[in-house]
Structure formats: structure tokens, C-alpha cells
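Every value quoted in this text rests on a predicted model; they were computed, and no experiment measured them. First listed ligand is number 1; within each ligand, the first listed atom is number 1.
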Amino acid sequence: MSYPYQITSYEQYNQAYASCEKDPQAFWGSVAEHFRWKKKWNKVLDWNFREPKIEWFSGATMNITENCLDRHIEELGNKPAIIWEPNDPEEHHRILTYKELLFKVKQFSNVLKNNGVKKGDRVCIYMGMIPELAIAVLACARVGAIHSVVFGGFSSQSIADRLQDAKAEFIITCDGAYRGAKDIPLKSVIDDALIACPFVKRVIVCTRTRTPVSMIKGRDVWWEDEIKKVETHGNPDFPAEEMDANDMLFILYTSGSTGKPKGVVHACGGYMVWANYTFVNVFQYKPGQVHFCTADIGWITGHSYIIYGPLSAGATTLMFEGIPTWPDAGRFWNIVDRYKVDILYTAPTAIRSLMAYGMDYLVGKDLSSLKVLGTVGEPINEEAWHWYHKNIGKEKCPVVDTWWQTETGGVLISNLAGVTPEKPSFATLPLPGVHPCLVDENGKEITGNNVSGNLCMKFPWPGILRTTYGDHERCRLNYFSTYENLYFTGDGCLRDENGFYRITGRVDDVLNVSGHRIGTAEVENAINMHAGVVESAVVGYPHDIKGQGIYAYVIYNGHHGDETLARQDIIQTVTRIIGPIAKPDKIQFVTGLPKTRSGKIMRRILRKIAEGETTNLGDTTTLLDPGVVEQIAGLRIKGTLIRIKD
Ligand code: PRX
């Protein structure tokens, strides 16, 4: 496998950027030549941000799995596609070669077909990090079904919401999942979700933990039994469905500033090119290297940089079932040592957490195989950047700080490892085809350097989202209506004297907790479901490990006098409604919330108080009742109402 479009010098980066700017159609057309298409495109790009309408490679047909699997067989058939490291280090790891992975994907495609899954159907996947998850994702893509992977940390209510929104009639899950010392009863969570989703026709259950599960006749089937039914003597066959480049490939739900997560939709052709192009260029992947992305496939990072990016490039991708701190905080380093990992891609929150465990866990671990380090998901503070660079990369590995979003499909702003300059805590420069701009509140572009503003994009790149499932207007309103003719990212950003970008965090009501996006409105809705809660307001506050923690102000009139219990009940409610990832870190009971005369909650003030500021709270004269602020700040100082439950 060679990558003729891999940029290998700073000069070449500048040339690629300029040539893509001059003629994006010719640029992306020539990159796309290196993929397998069933039919070529008539037009590379057709777009307007008004509707929005974005089409890449119109008229082309293809299947992403032929690009991720079939086309590699001749050259890489016996090379490892997936190395799987189980949660328990004592359990045997698994290696699937490209040939074996294709075999299994074809087999499971037959299972899907036997169970009634057709092109265009939505299939919800709720599994732990086992190779069968990657197989399920790829089999959906092979039959042309639209996968919607839901992260294992979401509750049954969240799954039900997603199933209903996508009208998904099929589910692929496991009996349970292992995560560190915990077993998560996935099938039982699905069973609860299905009470509200009678339209679901089939649940395919893969065995992992062998936790007892209920299996409903006519609806639930075992993965292993279904495989037996399609077993063949020779190679199974399953010709890949011919997909239009602009057909939907997947839906991935993500939080926004409104109460309900939106189903971000990516399309087959453009997403494939972008996931591959960014993988090859940002990480500077060289054939034969082992790429270890520590994300979960339930998030976009796992989609693009565990599955589609690496596999489309014929890479070896390492998939890890466990967590960084179990059985101890040396787990990542053991994995790097054992499999001679070349590229390690993780989140700042993991780096900060491992940093806090100290250096003991690095002793005796050979990390000399590492060539490139990466981070993603949230701004990385300089201290964590330097720790990572010095202690993990031994000052010889470039660190790529990759900025992107679920909606962007792949990295938009990042240094290219060892090729373009790096700067701690800066994502640095846009990839070719990416045209960032900073705007002020009125949408006026802020030009020049040493400036900051809201980060927007002026032009589409191949991996841009196409719609939000079932509601195109929502997509327009969320991303394309704040500023005319621009895609708005929701992030604040500064551009330094050299034109390097540093993302400073969200400017909307979205929190980033341990690299996970959580809408404050979503958490408030969940808290308000608790019978004793009158009203609530949720803000983020700086958290040493998580980046941001969740701080909830709650007006409570429940009958329980015991505040600790009341807090636990509220946390339990949030866990039920959204999932454990959205649990508030701090809950402060208040008697009122600071509101303007028009009834809008002044979050700016609440944010300051959550950060520990109790005196300089800015202008409170526009508030309906300025006294409320003093009261909230006073209670914050006294601390009597703040008991933190971890
Ligand atoms: O605020 C930015 C932050 O994560 C948001 C996107 O979250 P999500 O869609 O869940 O995707 C995360 C993985 C791609 C962005 O709006 N973010 C992501 N990467 C960075 C970042 N903030 C700063 N630096 C980054 N490298």
C-alpha cells in the first residue's frame, strides 16, 4: 500500500494547501483516484451552505468495505488488520488478518441479510469494544445499512430516544461488556429500552460476558447461532452493495445546545476519502506500523481512527477493550511495549489522569517503538502536553493536537506529525481543503493574526456532515444559520502571530467532560425529571482531570430532609435518563436562580460562582432579583450545601 497523496514536507504542505484552495475539485478528484469506485463521479463537489446542500463525488458508486478490506487482500491478506487487547490482561489477545476480517464481515453480512436487514435500514449497535463490534459496523456498511453506534455508557432511555429518532428496527448488542473491574449488562439495558420501542424487529446478541440475559422468542437471536446458519465450506460470499457516494453511511448522535441529541449523518464517499486522507497525513502512517487509538468506537474518533481511516489505508489498528487505569495505571504502556505500537492517539483527560498516577507505572516499560503521539477531544493544557512529549515520547515523537468534531468526520486542524511545526496546546494549521475563519458576534470576519473569535469554516471538506437524521432544518439551524454562508463549529479560537490556531473551548451551552460532549440543557432536563426538583441550571467548571466538571444548581422541594440522599437521588435520575457519563460532579441546592427580566438564566454568573469566584460577579443590575446571586455565592462560600459525591 502506498499513499501518493501523503504530504512529507512543510513545503509540500504549503503547495497542497494552495493547490486545493485554487482548484478543490481537481485536488480531491486526484486524491479520490486512489480508491476503489464501482462507477466514477460526474462532479467532485456540488454545494451551498444556505440549504445546506453538500454533495461529494456525485454520480459515483462504491462500497467503503471494498476499500477497507477487499482491495487489500492481494497485498495484505495475511497482515494483521485488527489486534485486539482484552480488558483482562490474562485473557488471550486476538489478531484478525485482513483475510480473516473480510471473511467474518462477509459472514456477518449474510447474517444481517438473513435477519431481514436491507440497504437503507438503520441498525443500532450497542456493544463493548470487541472485534465483533468492528465486524458489525463493517457488515452494516457492506449490506448498505446505516449504522448508529451508541456508546456503552448511555442509559436505556438514551437508547430508546435514538432508536425512535432513527426508526431503527434492528439492534446488535452483547450480553454484557467488561470495563475495568466492572461488567456492564448491555442486553438488559437494551431490554429496558425496548419497552418503549415495539417497532424493533430483531436483536442480535453476541456472547461476551455470558451474563444471564432474557431472550425473547421471535425477536432475540444469538450471534453465534446465526453464524452457524450461514456457515459455508469454502469462503463465504457477500458482494458489497453498490452505494451512491452520497448515500448515508452512518448516524452518530451528539449533544448540542438544545435538550435532544442530534443524529449527525455522514455519507459514504466523502467520509471515506476524508477519514483516509487525514489518517495518512496527520499521523504520517507508514505501511506495517501499529496504530493504537484509545477511543471507544461509540464516539466519532473510534469510527474514523480505529475503523475506517486505518482499515482503508491497509493499516494495523489496535483495539482495546479496557480502561487506562485497570488493573493499574500502566496499562497503556504495557500495550505499547507488548505490541510495539508506533502511533498512540489518546485524549488529554487520559494523559492528565495517568500523569496524576506518577512515574512508577512507566518503570520497565519499553516505549521505544513509538513514533507519533496524538491527542483529541478537548484542549490540551501545556503541562499535560509536555508530560506526554517528555515521558511517553522521550522527546523524539511529534505530538499531533488534532482538532475536529463529530460533524467534521475527521481532523480539520492539526499539525502533520514531524512534517509541519508543532506548538504545545495549539492545533496549529488547517489541513488542505480546510478554510477556517474567526468571526465576531455579528458574524463579521476578524482578519489578521493575534486575534480571537468564533471558529467557522468557509468551504466544505469531503468529511463534512450532510444532515441531521430526519430533520434537515435542524442541521441548517444548528450549523449554517448563525453566520451567513459559514459552517459554525461552536468553538472559540485564537490565531497567534504565525497564523496558528488554538481552540479555547465551546462558546455554546455544550460541556466537554473527559472529552465527551454533553449539552447543559440535556443534563438540566434529566435533573428536572426528578420528582423533587423544581428547576435547575447546569454549567461547567474547570476540573483537573476531566477538563470540565458538571456543576448543577438545583431548586429542590422534595420531602427528604437529608441533602446527601437528595443528591444521590438526583444523580441516580441523571444516570437513568442519560447515563453515568452525565452525572453532575457537584450539586448546590439554591432557593432561586439568577434570571433576567425576560426569564433567561444568566449562566455567566453561575459559571463564575462554580469556578469559585464569589465577589467579582460582573453586572447583576439586569437581573430580576439580584439578591439571588448573593445568596448563591454566600452558600458557595459557606460550603455547607456542597458535598461532592464522586
Ligand atoms: O470543543 C471541541 C473539542 O471537542 C468538540 C467536538 O466534540 P466531539 O464531536 O465529541 O468530537 C470529539 C472528537 C473529535 C469540539 O467542538 N475538541 C476536539 N478536539 C479538540 C477539541 N478542543 C481543543 N483541541 C482539540 N484538539
Those atoms of ligand 1 less than 4.0 Å from some heavy atom in Asn512: 3 (C), 4 (O)
Geometric N/O contact Gly377 with ligand 1, under 3.5 angstrom: yes
Atoms in ligand 1 flagged as close to Val376, the criterion being non-hydrogen separation under 4.0 Å: 13 (C), 14 (C)
Under 3.5 Å: N/O of Thr406 near N/O of ligand 1: yes
Side-chain heavy atoms of Phe250 within contact of Ser148, under 4.5 Å: no
For atom 15 (C) of ligand 1, the option (of Ile503, Asp491, Asp401, Val507) bearing the nearest heavy atom: Asp491
Arg607 NZ/CZ over Tyr541 ring centroid, <6.0 Å and within 45° of normal: no
Test item: Val539 and Tyr553 side chains (from C-beta on) under 4.5 Å apart, heavy atoms: yes
Tyr501 and Arg495: side chain donor to acceptor below 3.5 Å: yes
Short N or O distance, Thr254 and ligand 1, threshold 3.5 Å exclusive: no
Top protein contact for atom 10 (O) of ligand 1, by heavy-atom distance: Arg517 CD, 3.5 Å
Subset of ligand 1 atoms that lie under 4.0 Å from at least one heavy atom of Trp404: 6 (C), 14 (C), 15 (C), 18 (C), 19 (N)
Side chains of Trp326 and Asn87, donor plus acceptor under 3.5 Å: no
Check: Thr301 N/O within less than 3.5 Å of ligand 1 N/O: no
Tyr13 and Tyr10 aromatic ring geometry - parallel, tilted or perpendicular at 30°/60° bounds: parallel
Distance-only N or O hit between ligand 1 and Thr489, under 3.5 Å: no
Beyond-backbone contact of Asp342 with Val372, side-chain heavy atoms, under 4.5 angstrom: no
Nearest-neighbour protein heavy atom for atom 23 (C) of ligand 1, which is reported as residue plus atom name and distance: Pro379 N, 3.1 Å
Ligand 1 contact on Glu378 by region, counting heavy-atom pairs under 4.0 Å: backbone
Sole candidate of Tyr305, Trp56, Phe35, Trp28 that passes ring-ring contact (aromatic ring centres under 6.0 Å, His included) when paired with Trp274: Trp28
